[in-house]
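Values in this document were obtained by computation on a predicted structure and should not be read as measured data.
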Amino acid sequence: MRIILLGAPGSGKGTQSRFITNRYKIPQISSGEILRSLLKEDSVLSKKIKKFMNFGILVPDDLIISLIKNRIQKNDCLDGFLLDGFPRTVFQANYMKKQGIKIDFVFEILVPDDVIINRIIGRRIHLRSGRVYHVMFNPPKQNNIDDITGDPLIIRGDDKIEILNNRLFEYHKKSLFLIDFYKYESYINNIKFYKIDGTKEIFEVHNLLSNILD
């Protein structure tokens with residue numbers, strides 16, 4: 001059960017990732033998490049990655065994919081894994097394929113941009129705990145105040161409308177060809193590609209995913 005989950009920021013991809021990994025007992029693998037973990041080490045590889053980051057250079061795709069390949073060879077991936085936020089481009093997807101990293105399922109969670117914007121601009125965050133509220137769907141008892149600590153809630157920088165519009169534009173620009181790549185792979189290989197309606201209630205999306213994966 002080797003899964004890629006695609007979806008725009010605010011599509012509910014994180015919620016569905018947690019559902020899949022908890023239900024099927026497979027790890028969620030993020031290139032960002034792998035890099036952050038490596039940066040805590042004092043190794044030749046961590047120093048190499050720090051150099052890229054210090055100069056504002058993206059870590060090369062071949063290195064990222066090598067790290068992912070090493071990660072999925074660990075015992076907790078024997079029953080599968082879920083790739084979170086990777087691949088982001090056709091080049092990465094194709095390179096990953098050439099490296100022999102096999103994928104069974106690709107899910108694209110579809111939510112219109114206007115729905116995403118309504119979801120995200122209403123979010124309020126408690127910084128210390130990570131608790132998330134929403135002014136319409138899950139408001140705090142007191143406006144902009146955390147229910148438990150009484151601390152003020154914040155709006156994340158990338159939840160602001162102008163930044164959100166840029167993030168959505170970038171996502172659509174990059175994902176368009178990536179989605180076409182996996183559609184094509186579904187015809188010529190055994191990869192199963194599914195579009196999932198992310199506007200449905202969370203439990204309905206859970207059911208759609210589990211009906212396919214079960």
What I want to find out is whether [X] reaches [Y] closely enough, with some N-O distance under 4.0 Å, to be called a salt bridge.
X      : Y      : result
Asp84  : Lys13  : yes
Asp79  : Lys25  : no
Arg167 : Glu170 : no
Arg128 : Asp146 : no

Under 6.0 Å from the [atom1] atom of [X], do we count more than 12 heavy atoms belonging to anything else shown?
X      : atom1 : result
Lys200 : NZ    : no
Leu45  : CG    : yes
Arg123 : CZ    : yes
Glu201 : CD    : no
Lys195 : NZ    : yes

Return the [atom1] to [atom2] distance between [X] and [Y], rounded to the nearest 0.5 Å.
X      : Y      : atom1 : atom2 : result
Thr199 : Ile196 : OG1   : CD1   : 11.5 Å
Leu83  : Ile68  : CG    : CD1   : 5.5 Å
Asp104 : Asn190 : CG    : CG    : 8.5 Å
Ile4   : Ile191 : CD1   : CD1   : 7.0 Å
Lys98  : Ile65  : NZ    : CD1   : 10.5 Å
Ser37  : Ile34  : OG    : CD1   : 8.5 Å

Linking Ile, Leu, Val, Met, Phe, Trp and Tyr by side-chain heavy atoms under 4.5 Å, what else ends up with Met136?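 So far as hydrophobic clustering goes, Met136 is joined with Val135, Phe137.
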Sorted by first residue and then second, give each ring-ring contact (aromatic ring centres under 6.0 Å, His included) pair with at least one member in residues 147-177; sequence neighbours left out. none
Are Ile109 and Leu168 grouped together when hydrophobic residues (ILVMFWY) are joined by side-chain heavy atoms under 4.5 angstrom apart? yes
Co-membership, hydrophobic cluster, residues Tyr95 and Ile103, 4.5 Å side-chain: yes
Starting from the C-alpha separation in whole Å, work towards a yes-or-no answer on side-chain contact (heavy atoms from CB on, under 4.5 Å) for Ile49 and Leu63. CA-CA 9 Å; Ile49 291 168; Leu63 179 53; 4.1 Å; yes
Residues which pass salt bridge (charged side-chain N to carboxylate O under 4.0 Å, His left out) with Arg124, listed by chain and number, not counting sequence neighbours: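 Not a single residue meets the salt bridge (charged side-chain N to carboxylate O under 4.0 Å, His left out) criterion with Arg124.
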Which residue pairs pass the side chain to side chain donor-acceptor pair (under 3.5 Å) test with at least one member in residues 60-70, sequence neighbours excluded? Asp61-Gln92
Using the ring-ring contact (aromatic ring centres under 6.0 Å, His included) criterion, which residues pair with Tyr194? Sequence neighbours excluded.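 Listed in chain order: Phe107.
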Check ring-ring contact (aromatic ring centres under 6.0 Å, His included) between His206 and all other residues, then give those that pass, not counting sequence neighbours. Phe19
Apply the test salt bridge (charged side-chain N to carboxylate O under 4.0 Å, His left out) to residues Arg131 and Asp151: give CA-CA distance (whole Å), side-chain angles for both, the deciding distance (0.1 Å), then the verdict. CA-CA 11 Å; Arg131 274 187 292 279; Asp151 294 339; over 6 Å; no
Run the side-chain contact (heavy atoms from CB on, under 4.5 Å) test on Tyr133 and Ile125 for me, step by step, so that the C-alpha distance in whole Å, both residues' side-chain angles and the decisive distance to 0.1 Å come before the verdict. CA-CA 6 Å; Tyr133 299 85; Ile125 314 292; over 6 Å; no
Without hydrogens or angle criteria, can the side chains of Asn189 and Tyr184 be said to hold a donor-acceptor pair below 3.5 Å?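 No.
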